[in-house]
Number of protein chains: 2
Amino acid sequence: MSNIPSRGGDLSRLRQLNSLSAIKALRGNGPVTLSALAELTGLSRPSTKEVVDELMELGWVEEVPPAPGTMGRPARRYRFRADGGHLVGIDIGAHNVRAALADLDGNVLAETRQAARPDAPLGERMATIERTVSGCLSLSGLTTADLWTVAVGTTGLVDTQGHIKLSAAIPAWNGLDLAASLQEMFPCDVLVENDSRLAALAESRRGVARGSRDVVFLHVGRRMGTGLIIDGKLHRGFGAAAGEIVMLPEAGWLTAPEELNDSGIVPAGMPPEDAAGYTLAAARNGDPIAREAVERYAEKLAIGTAAAVLLLDPEIVVLGGGFSRSADVLLPPLRARLEAVCLRIPELRGSTLGDECVVLGAIDYAIDHLDRQFFTADEPALRPPFPQEPVS
Amino acid sequence: MSNIPSRGGDLSRLRQLNSLSAIKALRGNGPVTLSALAELTGLSRPSTKEVVDELMELGWVEEVPPAPGTMGRPARRYRFRADGGHLVGIDIGAHNVRAALADLDGNVLAETRQAARPDAPLGERMATIERTVSGCLSLSGLTTADLWTVAVGTTGLVDTQGHIKLSAAIPAWNGLDLAASLQEMFPCDVLVENDSRLAALAESRRGVARGSRDVVFLHVGRRMGTGLIIDGKLHRGFGAAAGEIVMLPEAGWLTAPEELNDSGIVPAGMPPEDAAGYTLAAARNGDPIAREAVERYAEKLAIGTAAAVLLLDPEIVVLGGGFSRSADVLLPPLRARLEAVCLRIPELRGSTLGDECVVLGAIDYAIDHLDRQFFTADEPALRPPFPQEPVS
DNA sequence: CTTATTATTAAGGAGTCCATCATTAGTACA
DNA sequence: TGTACTAATGATGGACTCCTTAATAATAAG
């Protein structure tokens with residue numbers, strides 16, 4: 001019954017529903033003929049026509065030239081106007097700020113990255129963010145006025161309101177109302193989330209976990225975190241603190257990276273951010289000491305992972321973050337330990353999205369937000385479309 | 001967008017939606033006047049009337065005498081015919097088999113319980129089940145033909161198909177296709193689930209966790225288990241193995257009850273099933289040795305609980321199962337340990353449903369099943385109502 | 001140039017919902 | 001007892017959305 005709206009519907013409601021399913025079909029399938037759309041939505045051709053006409057008038061849909069070379073009268077083709085609005089995803093890490101500009105279909109149009117000092121004061125960091133985003137926008141000749149939503153992923157504990165309760169990696173973040181600060185910068189919806197959770201979302205939408213409804217994402221790198229996709233949705237928890245298994249003392253995740261950093265074979269003078277990678281590479285090449293270090297690391301990793309797998313029984317576990325490049329080295333020992341404990345072993349895969357994981361997740365998060373707004377059940381039939389470009 | 005059906009709708013679809021929201025309102029609010037129903041569903045009076053007439057014709061709804069003593073013309077009142085079908089919930093434990101008969105609103109009409117030997121052979125156990133249920137039915141003068149759904153909760157690992165993969169407590173269960181066996185006994189839908197999960201469902205629907213969307217239920221007693229309610233729904237996991245945190249070696253849940261059973265103060269000769277209760281009672285009365293045993297128990301309990309809380313950030317954690325009668329003794333040490341580890345402490349409460357927890361959860365599970373069937377999106381507009389009693 | 005194929009357009013019909021108004025059944029009070 | 005008041009009921013007409021069917025238009029193939 002939960003799928004049934006508690007309030008009954010009007011005739012116009014029916015049209016809204018049909019318009020939305022048409023939009024959904026158009027977004028998912030590229031340019032589409034009217035007949036195909038009718039097939040997809042289950043409506044009759046005349047009704048489909050009427051719906052599409054309305055959507056075109058609103059600016060949501062546009063016509064594209066018919067595909068030549070077919071038998072019979074060529075069918076008119078329509079497509080969703082993904083370029084009618086824009087979304088920005090931002091990944092604010094301790095050492096880097098990344099931004100990506102996307103259209104309403106989530107296609108990335110431009111990307112920028114800028115280094116940052118972890119201990120930079122707040123003003124400097126905000127300026128870095130602003131530069132990164134505006135660089136991204138200028139690549140496509142846009143301004144912040146063209147943005148519909150900005151979604152941000154950052155390290156630390158972000159509450160439901162976008163306050164940062166705690167951030168070990170970025171001192172200036174502690175206690176900041178990041179959502180409010182960014183709101184001053186961008187005149188559109190601003191969403192703030194934990195970076196691991198957004199990475200999980202990206203993997204479940206366009207990464208190795210695509211199609212899986214229950215996903216556990218392990219963010220392994222210099223910092224550790226997890227993100228959970230449950231029943232196809234990002235799980236935030238009541239206080240937006242879900243996925244913080246890193247705090248479980250018995251798993252030892254807080255100190256786990258040290259096993260790789262201080263494995264004893266890392267050459268002196270190597271920058272600390274490369275140490276773990278060195279150990280992992282050595283393990284791949286068969287160095288016995290490195291292998292032992294990896295084993296110890298995997299053992300700790302396995303405890304928290306086993307807790308997540310036993311509790312949630314996900315379809316797939318995705319290994320992401322900085323160390324995911326070494327998934328070939330990490331996954332076998334991790335799998336071995338899970339097999340000893342878990343009742344059903346989920347699929348174990350390394351991330352394929354790499355460093356862009358969080359930005360992409362932020363974009364997907366913004367798209368989810370957009371989708372929720374498409375039809376908010378109470379007031380606006382269809383969200384006002386393109387205020388900046390009046391239709392004839 | 002996930003809330004929007006991908007297939008567009010018909011006029012009849014709109015009527016279906018409205019019928020369903022009417023049923024939903026009628027089920028939730030007891031006898032209701034037409035005006036009130038119109039208010040609840042958001043439909044106009046004439047439309048509401050038409051919907052209700054249709055539902056009455058189908059047999060879903062009936063009229064009740066108007067409430068006297070009001071100003072103006074007395075309004076006709078309608079109510080959902082909860083007695084039009086019946087559900088049975090069964091709790092198959094190692095030592096007991098419980099059954100409860102409920103109407104379509106989940107009101108319990110009759111209840112039975114029968115002792116069982118844990119190591120009884122399969123035939124004997126199935127006979128016990130049959131007797132328990134038929135006793136329950138005869139109390140209300142019904143037969144299995146009146147049943148719409150039978151939902152069963154039992155100890156052990158139940159897969160998505162209703163096979164029992166593993167059951168330590170009931171040897172005869174191992175490898176059994178319980179759903180198929182029960183299907184021979186009952187000519188209706190049969191659902192099989194893990195008992196802890198059903199208990200969790202009951203707590204979230206009619207227990208202390210009512211209204212919470214994210215719940216962690218701890219089944220503590222001679223056996224341990226957990227059930228998760230996530231986003232208001234029972235979380236089963238991809239292979240229906242969710243909630244088995246008991247298998248995590250680091251938490252020591254498998255051996256945790258021994259701390260209470262072998263606390264050193266239990267009088268010799270006391271039956272093993274009363275030992276833990278004795279220790280808990282002694283701790284409540286201040287016995288220092290018992291308190292230490294409870295502390296050790298709580299410490300183990302806290303590890304697995306912390307894992308669940310950190311991962312899921314639930315609104316509330318419910319302590320259920322046999323030891324929940326001693327929640328006053330168990331919760332304080334558990335809370336103390338969670339506070340040391342968790343970022344946000346959820347509400348901690350003891351169960352109030354007691355021994356009936358699993359049966360009630362089974363009934364709620366059957367109701368969920370019914371609700372899913374009310375409108376299955378493809379074929380049947382409204383599920384055929386009361387085949388056994390033809391309407392004029 | 002004709003035929004086959006496919007898409008488009010238009011007209012008629014059915015179902016659902018809403019707003020409005022006269023009618024009805026009860027209570028309250030003189 | 002009889003009248004005024006109150007609130008629900010029932011019926012009518014209009015508006016909207018969708019469907020089916022049939023006629024029309026545009027292109028490729030022969």
Side-chain angles (χ1 to χ4, degrees), chain A residues 4-5 7-23 25 31-58 61 63-79 375 381-382, chain B residues 4-23 25-26 31-58 61 63-79 375 381-382:
Chain A
I4 302 301
R7 290 191 71 79
D10 198 347
L11 275 302
S12 62
R13 169 70 178 267
L14 185 58
R15 167 57 68 89
Q16 289 170 0
L17 248 50
N18 287 338
S19 294
L20 284 169
S21 67
I23 284 188
V32 148
T33 71
L34 211 53
S35 323
L37 190 57
E39 179 82 21
L40 285 167
T41 57
L43 299 179
S44 71
R45 276 187 54 89
S47 305
T48 311
K49 178 69 162 59
E50 210 163 332
V51 166
V52 167
D53 283 349
E54 187 180 285
L55 289 175
M56 280 180 61
E57 199 154 327
L58 286 170
V61 165
E63 201 173 337
V64 297
T70 68
M71 212 44 157
R73 177 173 178 170
R76 305 165 78 164
R77 293 190 308 163
Y78 304 89
R79 74 159 187 209
F375 176 48
L382 258 169
Chain B
I4 301 301
S6 52
R7 290 191 70 80
D10 200 346
L11 275 303
S12 61
R13 168 71 178 267
L14 185 58
R15 167 55 68 90
Q16 289 170 0
L17 248 49
N18 287 338
S19 295
L20 284 169
S21 65
I23 284 189
L26 283 162
V32 148
T33 71
L34 210 53
S35 323
L37 190 57
E39 179 83 20
L40 285 167
T41 57
L43 299 179
S44 71
R45 276 187 55 88
S47 305
T48 310
K49 178 69 162 61
E50 210 162 332
V51 167
V52 167
D53 283 349
E54 187 181 286
L55 289 176
M56 281 181 61
E57 198 153 327
L58 286 170
V61 166
E63 201 173 336
V64 298
T70 67
M71 240 355 190
R73 177 172 180 170
R76 305 167 76 164
R77 292 189 310 163
Y78 304 90
R79 74 157 189 210
F375 176 48
L382 259 169

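In this text the structure is predicted, and so the values were computed from the model without any measurement.
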- Starting at CZ of R77(B) and ending at C1' of dT9(D), how long is that distance when rounded to a whole Å? 17 Å

- With sugar-phosphate meaning primed atoms plus P, OP1 and OP2, does T33(A) contact a base, only sugar-phosphate, or nothing at under 4.0 Å between heavy atoms? nothing

- Note on the structure: Taken in chain and number order and not counting sequence neighbours, the residues that satisfy salt bridge (Lys or Arg N to Asp or Glu O under 4.0 Å) with R77(B) are none

- A correct 5'-to-3' footprint of nucleotides 18-30 of chain D, with B, S and - meaning base, sugar-phosphate only and no protein heavy atom under 4.0 Å, is SSB----BBBSS-

- Query: Within the pair K49(B) and dT9(D), is there a side-chain N or O less than 4.0 Å away from OP1 or OP2?
  - Reply: no

- Item | Exercise: identify the closest heavy-atom pair between V61(A) and Y78(A) | CG1-CB, 3.9 Å

- Could you grab the distance from atom CG of L40(B) to atom CG of L26(B), nearest 0.5 Å is fine? 8.5 Å

- Item | OG1 on T48(A) to CG on L55(A), rounded to 0.5 Å | 11.0 Å

Side-chain donor-acceptor contacts of residues 64-76 of chain B below 3.5 Å, not counting sequence neighbours, with atom names and distances?
unit_1: R76(B); atom_1: NE; unit_2: E63(B); atom_2: OE2; d: 2.9
unit_1: R76(B); atom_1: NH2; unit_2: E63(B); atom_2: OE1; d: 3.1

- For V51(A) and S19(A), which heavy atoms make the closest approach, and how far apart are they? CG1-CA, 3.8 Å

- Item | side chain to side chain contact (heavy atoms under 4.5 Å, CB included) partners for L14(B), two or more places apart | L11(A), L14(A), N18(B)

- Could you tell me from which nucleotide to which nucleotide of DNA chain C, 5' to 3', there is an atom under 4.0 Å from chain A heavy atoms? dT5(C) to dC17(C)

- With sequence neighbours excluded, residues passing side-chain hydrogen bond (donor to acceptor under 3.5 Å, both in side chains) with T33(B): none

